[in-house]
Amino acid sequence: MMRVQDPTAGAPPGLRLERLTLRYGARTIFENLDLQIDSGAFMVLLGTSGVGKTSLLKIVAGLSAPSAGRVQATDGRSLAHRIAYMGQQDLLYPWLDVIGNVMLGARLRGDKPDRARALHLLGRVGLAERAAALPAELSGGMRQRAAIARTLYEDRPIVLMDEPFSALDSFTRARVQDLAAELLQDRTVLLITHDPLEACRLGQHLVVLSGHPATIGPPIRVHGPTPRALDDPELLRTQGHLLRMLTELEPA
Ligand SMILES: Nc1ncnc2c1ncn2[C@@H]1O[C@H](COP(=O)(O)OP(=O)(O)OP(=O)(O)O)[C@@H](O)[C@H]1O
Ligand SMILES: [Mg+2]
């Protein structure tokens, strides 16, 4: 079993979101939002469509600026080059083959691409045979798996993923969730999903974004090692709790 690890890294930094506010024109999406993700924690963010999850993740990734507030690493150092981000759209480059897409970050940084590792990760997401294919030749779920391999290849201490498994059938989804749980074990992770079962299989802290402007409710703590088995009593207990919370939410 391969462990993707940066030998120079100790414990990954945690993330502190401080008084984040986002306005689009006259609309306030969220205001004075605070959230802490501890070092090495796997946090899952849920919430109805349109509530502001992607907008929040992009701010954490440094891809867009908040109207006010800030995001900091808990070790006080800069977040630059320490975050891997997988967007809601897979964002593969259409003119690069699959393996070229996986190693794109290395190429852009001028690092020597590690083809063996890229191929290994493609194998783990079931795409070893398609390494030379162009994105347009893949199904939506295959493109998503290629984007997951690229995110894991990046090998950063902080990993942000926006509905990474949404296009996968339930069998492939469970397999790729297992892989993510294994490879992200010693990272600080913030993952968005609409799937309560996925949240409860993978997450240690579950948070729900809701309301206008949106706020984050108190985290639900899920104990024990991940990925959790489907009949794990802790999973079943939390899933019930979460489903009750989600069904009480207003549409965004
Ligand atoms: N660049 C933008 N300009 C103006 N409004 C935007 C922009 N991006 C997002 N919005 C609006 O902000 C709100 C939150 O969008 P966001 O994509 O963050 O939602 P989400 O929670 O990720 O939804 P989903 O679950 O459907 O992905 C939506 O009402 C959306 O229309
Ligand atoms: Mg979204």
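These numbers come from the heavy atoms of this one structure, side chains and all, not from hydrogens, waters or symmetry mates. The first residue of the sequence shown is numbered 1, and numbering continues consecutively from there.
No continuous path of ILVMFWY side-chain contacts below 4.5 Å connects Ile220 to Leu235, so the two sit in separate hydrophobic clusters. When the side chains of ILVMFWY residues are joined at heavy-atom separations under 4.5 Å, either directly or via intervening members, Leu108 and Leu96 end up in a single hydrophobic cluster. If you chain together hydrophobic residues whose side chains sit under 4.5 Å apart, Leu63 and Ile83 fall into the same group. Under a hydrophobic-cluster definition in which Ile, Leu, Val, Met, Phe, Trp and Tyr are linked whenever side-chain heavy atoms come within less than 4.5 Å, directly or via other members, Leu134 and Leu138 are assigned to different clusters. Hydrophobic clustering of Ile, Leu, Val, Met, Phe, Trp and Tyr side chains at less than 4.5 Å, counting indirect connections, keeps Met86 apart from Leu104.
Going from atom CG of Asp195 over to atom CZ of Phe165 covers 10.5 Å, rounded to the nearest 0.5 Å. Once rounded to the nearest 0.5 Å, the distance linking CG of Leu33 with CZ of Arg19 reads 11.0 Å. The CG atom of Leu152 sits 11.5 Å away from atom CZ of Arg150, with the distance rounded to the nearest 0.5 Å. A distance of 8.0 Å separates CD in Gln89 from OG1 in Thr54, rounded to the nearest 0.5 Å. Distance check: Thr188 OG1 to Arg156 CZ gives 14.0 Å after rounding to the nearest 0.5 Å. Within the model, atoms OG1 of Thr151 and CG of Asp162 stand 11.0 Å from one another, a figure rounded to the nearest 0.5 Å.
Smallest separation of non-hydrogen atoms from Arg70 and Leu20: N-CD2, 3.5 Å. Across all non-hydrogen atoms, the minimal contact from Ala65 to Ile59 is C-CG1, 4.3 Å. Residue Leu122 comes nearest to Ala131 through the heavy atom pair CD1-CB, 4.0 Å, listed as atom of the first residue, atom of the second, then distance. Taking all atoms of both residues into account, the shortest heavy-atom contact from Ser39 to Ala11 is OG-CB, 3.8 Å. Taking all atoms of both residues into account, the shortest heavy-atom contact from Pro164 to Ile148 is O-CD1, 3.5 Å. Here the shortest heavy-atom pairing between Ile29 and Gly52 reads CG2-CA, 3.8 Å.
For Arg16 (side chain) and Gln72 (main-chain N/O), no donor-acceptor pair under 3.5 Å exists by modelled atom type. Distance alone, capped at 3.5 Å, places no donor-acceptor pair between the Asp75 side chain and the Pro13 backbone. The backbone N or O of Thr48 lies less than 3.5 Å from a partner atom in the side chain of Lys53, making a donor-acceptor pair. A donor-acceptor pair is defined here as one N or O able to donate and one able to accept, closer than 3.5 Å; such a pair exists between the side chain of Thr74 and the backbone of Gly14. A donor-acceptor pair is defined here as one N or O able to donate and one able to accept, closer than 3.5 Å; such a pair exists between the side chain of Gln185 and the backbone of Ala181. Using modelled atom types, one side-chain atom of Arg228 and one backbone atom of Gly203 make a donor-acceptor pair closer than 3.5 Å. At least one donor-acceptor pair under 3.5 Å links the side chain of Arg82 to the backbone N or O of Ser78. With hydrogens and angles disregarded, a donor-acceptor distance shorter than 3.5 Å links the side chain of Asp97 to the backbone of Gly100.
Side-chain contact check for Val44 versus Gln204: every heavy-atom pair is 4.5 Å or farther apart. A 4.5 Å side-chain heavy-atom check between Leu230 and Leu197 finds at least one atom pair inside the cut-off. With a 4.5 Å cut-off on side-chain heavy atoms, Val176 and Arg145 count as touching. Counting only heavy atoms from C-beta outward, the side chains of Ile216 and Val208 never approach each other to under 4.5 Å. Side-chain contact between Tyr24 and Ser55 is present, with at least one heavy-atom pair separated by less than 4.5 Å. Residues Phe30 and Thr21 form no side-chain contact, since every pair of their non-hydrogen atoms from C-beta on lies 4.5 Å or further apart. Residues Val71 and Glu18 have side chains not in contact (no heavy-atom distance under 4.5 Å, counting atoms from C-beta outward). Residues Pro196 and Leu246 have side chains in contact (heavy-atom distance under 4.5 Å, counting atoms from C-beta outward).
Pairs engaging residues 168-189 under the ring-ring contact (aromatic ring centres under 6.0 Å, His included) rule: none recorded [sequence neighbours left out]. Pairs engaging residues 126-141 under the side chain to side chain donor-acceptor pair (under 3.5 Å) rule: none recorded [sequence neighbours left out]. Listed by first and then second residue, the side chain to side chain donor-acceptor pair (under 3.5 Å) pairs involving residues 237-248 are Glu234-Arg237 (not counting sequence neighbours).
For the residue pair Gln144 and Ser166, a side-chain donor N or O sits within less than 3.5 Å of a side-chain acceptor on the partner. Using modelled atom types and a 3.5 Å distance limit, the side chains of Glu163 and Thr193 yield no donor-acceptor pair.
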| query | Is there a salt bridge (Lys or Arg N to Asp or Glu O under 4.0 Å) between Arg109 and Glu154 once you walk through the steps? | reply | CA-CA 11 Å; Arg109 286 188 298 274; Glu154 280 301 292; 2.9 Å; yes
| request: Determine, stepwise, if the pair Lys58 / Tyr85 fulfils side chain to side chain contact (heavy atoms under 4.5 Å, CB included). | output: CA-CA 8 Å; Lys58 282 185 174 162; Tyr85 170 80; 3.4 Å; yes
| request: Assess whether side chain to side chain contact (heavy atoms under 4.5 Å, CB included) is satisfied between Val207 and Met43, documenting all intermediate values. | output: CA-CA 7 Å; Val207 288; Met43 183 175 276; 3.9 Å; yes
| request: Report the C-alpha distance between Leu22 and Leu56 in whole Å, list the side-chain angles of each, state the deciding distance to 0.1 Å, and finish with yes or no for side chain to side chain contact (heavy atoms under 4.5 Å, CB included). | output: CA-CA 8 Å; Leu22 177 65; Leu56 181 64; over 6 Å; no
| request: Go through Asp178 and Arg201 one step at a time and tell me if the salt bridge (Lys or Arg N to Asp or Glu O under 4.0 Å) criterion holds. | output: CA-CA 9 Å; Asp178 291 351; Arg201 283 202 78 210; 2.8 Å; yes
| Do Leu160 and Leu191 pass the side chain to side chain contact (heavy atoms under 4.5 Å, CB included) test, and can you show the C-alpha distance, the side-chain angles, and the key distance before you say yes or no? | CA-CA 6 Å; Leu160 310 174; Leu191 178 143; over 6 Å; no
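Within 6.0 Å of the NE2 atom in His81, the count of heavy atoms belonging to other residues, nucleotides or ligands does not exceed 12.
A salt bridge links Arg23 and Glu31; the closest N-O separation between the charged side-chain nitrogens and carboxylate oxygens is under 4.0 Å.
Geometrically, Arg187 does not engage Phe42 in a cation-pi contact defined by less than 6.0 Å to the ring centre and at most 45° from the axis.
Checked options Leu206, Leu236, Val222, Thr226; the residue passing with Cys200 is Leu206 (criterion: side chain to side chain contact (heavy atoms under 4.5 Å, CB included)).
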